[in-house]
2 protein chains.
Amino acid sequence: MEELSDRKQKILAAVIEQYIATGEPVGSKTLLPLLPFSVSSATVRNEMAELSEMGYLEQPHTSAGRVPSQMGYRYYVDRLMNNYELSDREKRTIEMKLGTSVRSPEKVLETASSVLADMTNCAAVSTTPSDSEAVIRRVELVPIGARLAMIVMLTSSGILKSTIVRTDYELTLDIVEAFYNIVNKLFIGNPASEMNLAFLQTLAVSLGDKALIMTPLLVALSELASTAGKSEMLLEGQSNLLNHSQISSNVYELMEFLRKGEPLSNLFSAHKDEMNVLIGKENMYRELENSSLIFSRYNIGGRDSGTLGIVGPTNIDYARLIPGLKYLTSVVGKILTDAVEE
Amino acid sequence: MEELSDRKQKILAAVIEQYIATGEPVGSKTLLPLLPFSVSSATVRNEMAELSEMGYLEQPHTSAGRVPSQMGYRYYVDRLMNNYELSDREKRTIEMKLGTSVRSPEKVLETASSVLADMTNCAAVSTTPSDSEAVIRRVELVPIGARLAMIVMLTSSGILKSTIVRTDYELTLDIVEAFYNIVNKLFIGNPASEMNLAFLQTLAVSLGDKALIMTPLLVALSELASTAGKSEMLLEGQSNLLNHSQISSNVYELMEFLRKGEPLSNLFSAHKDEMNVLIGKENMYRELENSSLIFSRYNIGGRDSGTLGIVGPTNIDYARLIPGLKYLTSVVGKILTDAVEE
DNA sequence: TGTTAGCACTCTTACCTTTTGAGTGCTAAC
DNA sequence: GTTAGCACTCAAAAGGTAAGAGTGCTAACA
């Protein structure tokens, strides 16, 4: 990336900030009062013409003002922008809103997404904690009725999952004991992700005549184990997307894309930096080509566990929202870490 | 409601069905091939003029075709429409899609909403099962770590809830036993809705010196009990609302309204029929005045438990969607009833 | 050499007018 | 009671003009 003169940088930054604020193409005269130096509009025009030629600015049509190009935004985000500093007040507001709902990691993420959507006026996405290397730490079988039980599983990364099992036979003490034996021998201490159907089948063989009676319980447990590694996608504030004229042309497409979840999830796994900013076509999906994505990974107990992010127009307020997301992410990490520790 | 001549009824029905199909005002000539009798366009015009005068049809402007009024839709839904009969194929599709996810009532409702949204091309709303008279049937305390436990609660209506509790002290056998004593004496058999904070406070007094140590566990249990009675609102397919030109003027308002959930929930509780159709301003909310609501209550074990519904434009395909929703509702009821039985 | 005033030029947007055509309501004949 | 015929209405489309924001270029200036 070439070096821009100091004045060009200032002009580029001013165009971008103005365009972010108003959404209208920015003309040379509009810019004058926003610049930290005094020159005439003609000078600004000359500079802008060069910036256009270099590819940092674009013109919707000849007689219109300038609009930042994707390359312009990138330069701004990487080198020009000075991050907004959150006030203590804002920090406390975030903490308060998140602090109330620590019943489960899912709830925390849900609240976080909701807060994020409100804070940014964008759609907020997040993934629930996942850890593909998580090991099964503990399993409990809780009888609830004669033929009804709950299986509870805790993994090394603190994920707690439970499910209901229904059996055709009564859950006698014998069966419960046998279940615990099998579990202690073959499940505890093993990675949750390995408890798949293939594993179950080899297991069934080794059980012999007990296999039949154990099957429902073990199937439920292995399903539980396999969901423990997988993360769920949460989406909030979709309606905020309607407020941005930039993307209003294909909001429907965009919303459908977000709803599907999977492609986004792929995108997230391809970018594991602490903070990721994808502007316009920098991502591979056509549906997102007019949008910017900002997302950040949160840690639980120092372990990378999931993603929190926002989707908005390319003229999103990077300088304000990136620090906001960063702080929110750190708070979520802290809350979830505290929740896991014993 | 006055009686309309047979011919007027047929014309009204044809106008409505055509308008539902195309979304365009319907003129007298367009109508001719759709009528089961042969008359001239002039005759149809005369009849339509009378229907307009009576209030069943409206004209966007003098030289336009006719559009059904709210009163017109009402007459159609109540007396003219002949319900579409679902094919076995469609029925099986619905059953299949719902059958796969019987892990928890919430999941079932989530899938049902999703299926409903796809099926109707509308936004789908549902409430998770609730039963304000539910009685606490069973409570289990499952130790998971030294200071970490899970409380599981089952109500008479089959609702199963669980939560995690963290304590500052070790969960000794004594404490667990004491907990079960208190629970058996004061919780089991009592309505979940009564286990509120006030109840907890009187309880705390009667416990004396044990109160302090029991508090976190009992607070968690009472929170659990109070959530068991409350139903949650699920929303799917919001983006479908963007496809209907009728409501596109204020989609944002509408989406925000649906997201809030509470007003909708009030609306649901005010209409407890098995099948409810609210057309345009028949409901009290300004945000819904251009929309129709169709919702239906599902039963679990014969007990009215929750709502499934759709929100769409007033020119929604009543004849097809009402039977569809009805069938879906019955399937959901059946699945949840089966899940509760032991 | 960089900066600036001045100006012709461009192109969108808003506004006005005209035309078109779908659809009506009415009248008179059947 | 039904229908052909016709004048009438009005939204939407099409065309045409004017306004204005903003540009690029030129020539003068410091």
Side-chain angles (χ1 to χ4, degrees), chain A residues 3-12 14-19 21-69 72 245-246 248-249, chain B residues 3-12 14-19 21-69 72 245-246 248-249:
Chain A
E3 198 60 47
L4 293 180
S5 74
D6 186 59
R7 194 165 69 179
K8 280 206 179 56
Q9 292 190 1
K10 294 227 164 71
I11 289 178
L12 180 57
V15 170
I16 292 181
E17 275 157 19
Q18 181 65 7
Y19 185 64
T22 67
E24 300 289 318
V26 184
S28 52
K29 268 190 199 152
T30 328
L31 223 46
L32 292 185
L34 305 171
L35 291 173
F37 44 80
S38 296
V39 287
S40 74
S41 64
T43 310
V44 175
R45 272 205 293 287
N46 287 333
E47 294 283 46
M48 293 209 299
E50 284 178 49
L51 283 168
S52 291
E53 210 170 317
M54 292 168 155
Y56 294 103
L57 294 178
E58 282 169 356
Q59 257 178 313
H61 52 267
T62 348
S63 71
R66 297 308 206 290
V67 160
S69 69
S245 55
Q246 292 267 310
S248 62
S249 57
Chain B
E3 198 60 48
L4 292 180
S5 74
D6 186 59
R7 195 166 68 180
K8 280 207 178 56
Q9 292 191 1
K10 295 229 165 68
I11 290 179
L12 180 57
V15 170
I16 292 181
E17 276 157 18
Q18 180 65 7
Y19 186 64
T22 67
E24 301 289 319
V26 184
S28 52
K29 268 190 199 152
T30 328
L31 223 45
L32 291 185
L34 305 171
L35 291 173
F37 44 80
S38 296
V39 288
S40 74
S41 64
T43 309
V44 175
R45 272 205 293 286
N46 287 333
E47 293 284 44
M48 294 210 299
E50 283 180 48
L51 283 168
S52 291
E53 211 170 316
M54 290 168 153
Y56 294 102
L57 295 178
E58 282 169 355
Q59 258 176 312
H61 53 267
T62 348
S63 70
R66 296 308 207 291
V67 161
S69 69
S245 55
Q246 291 267 311
S248 61
S249 57

### Message
Just to verify, what does B/Thr62 make a side chain to side chain contact (heavy atoms under 4.5 Å, CB included) with, not counting sequence neighbours?
### Response
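For B/Thr62 there are no side chain to side chain contact (heavy atoms under 4.5 Å, CB included) partners, ignoring immediate neighbours.
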### Task
Please name all residues satisfying side chain to side chain contact (heavy atoms under 4.5 Å, CB included) with B/Thr22, sequence neighbours left out, ordered by chain then number.
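Checked B/Thr22 against side chain to side chain contact (heavy atoms under 4.5 Å, CB included); matches are B/Gln18, B/Glu24.
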Distance in angstrom units between [X] [atom1] and [N] [atom2], rounded:
X	N	atom1	atom2	result
A/Glu24	D/dG20	CD	C1'	14 Å
B/Leu35	D/dT3	CG	P	12 Å
B/Glu47	D/dG1	CD	P	11 Å
B/Leu32	D/dA4	CG	C1'	14 Å
A/Leu57	D/dG22	CG	C1'	14 Å
B/Asp6	D/dG1	CG	C1'	16 Å

### Query
When every nucleotide of nucleotides 23-30 of chain D is labelled 5' to 3' by its protein contacts under 4.0 Å (heavy atoms), B for base, S for sugar-phosphate only, - for none, what sequence of letters results?
BB------
Show me the protein contacts with nucleotides 12-16 of chain D, counting only N or O atoms at under 3.5 Å.
none

### Task
Step by step, work out the side chain to side chain contact (heavy atoms under 4.5 Å, CB included) result for A/Met54 and A/Leu4.
CA-CA 10 Å; A/Met54 292 168 155; A/Leu4 293 180; 3.7 Å; yes
#### Entry: Any side-chain heavy-atom pair of B/Ser28 and B/Met48 under 4.5 Å
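The answer is yes, as the side chains (C-beta and beyond) meet within the 4.5 Å cut-off.
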### Query
Is the shortest heavy-atom distance from the side chain of A/Leu31 to the side chain of A/Val26 under 4.5 Å?
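When only atoms from C-beta onward are counted, A/Val26 and A/Leu31 do touch, with a gap below 4.5 Å.
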### Query
Going through the checks in order, is the side chain to side chain contact (heavy atoms under 4.5 Å, CB included) test met by B/Leu32 and B/Ser41?
CA-CA 7 Å; B/Leu32 291 185; B/Ser41 64; 4.1 Å; yes
### Task
Quick one: which residue pairs count as a salt bridge (Lys or Arg N to Asp or Glu O under 4.0 Å) with a foot in residues 30-41 of chain A, not counting sequence neighbours?
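Found none.
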Got a sec, which residues hit side-chain hydrogen bond (donor to acceptor under 3.5 Å, both in side chains) with [X], two or more places apart in sequence or on another chain?
X	result
B/Lys8	B/Glu47, B/Glu50
B/Ser40	B/Thr43
A/Ser245	none

### Message
Can you list every stem that DNA chain C is part of, counting only runs of 3 or more consecutive Watson-Crick or G-U wobble pairs with both distances under 3.5 Å?
### Response
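C:1-30 with D:1-30 - these are the stems of 3 or more pairs that involve DNA chain C.
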### Task
Ignoring hydrogens and angles, tell me if any N or O in the side chain of B/Ser69 forms a donor-acceptor pair with the backbone of B/Tyr56 under 3.5 Å.
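Yes; at least one donor-acceptor contact below 3.5 Å.
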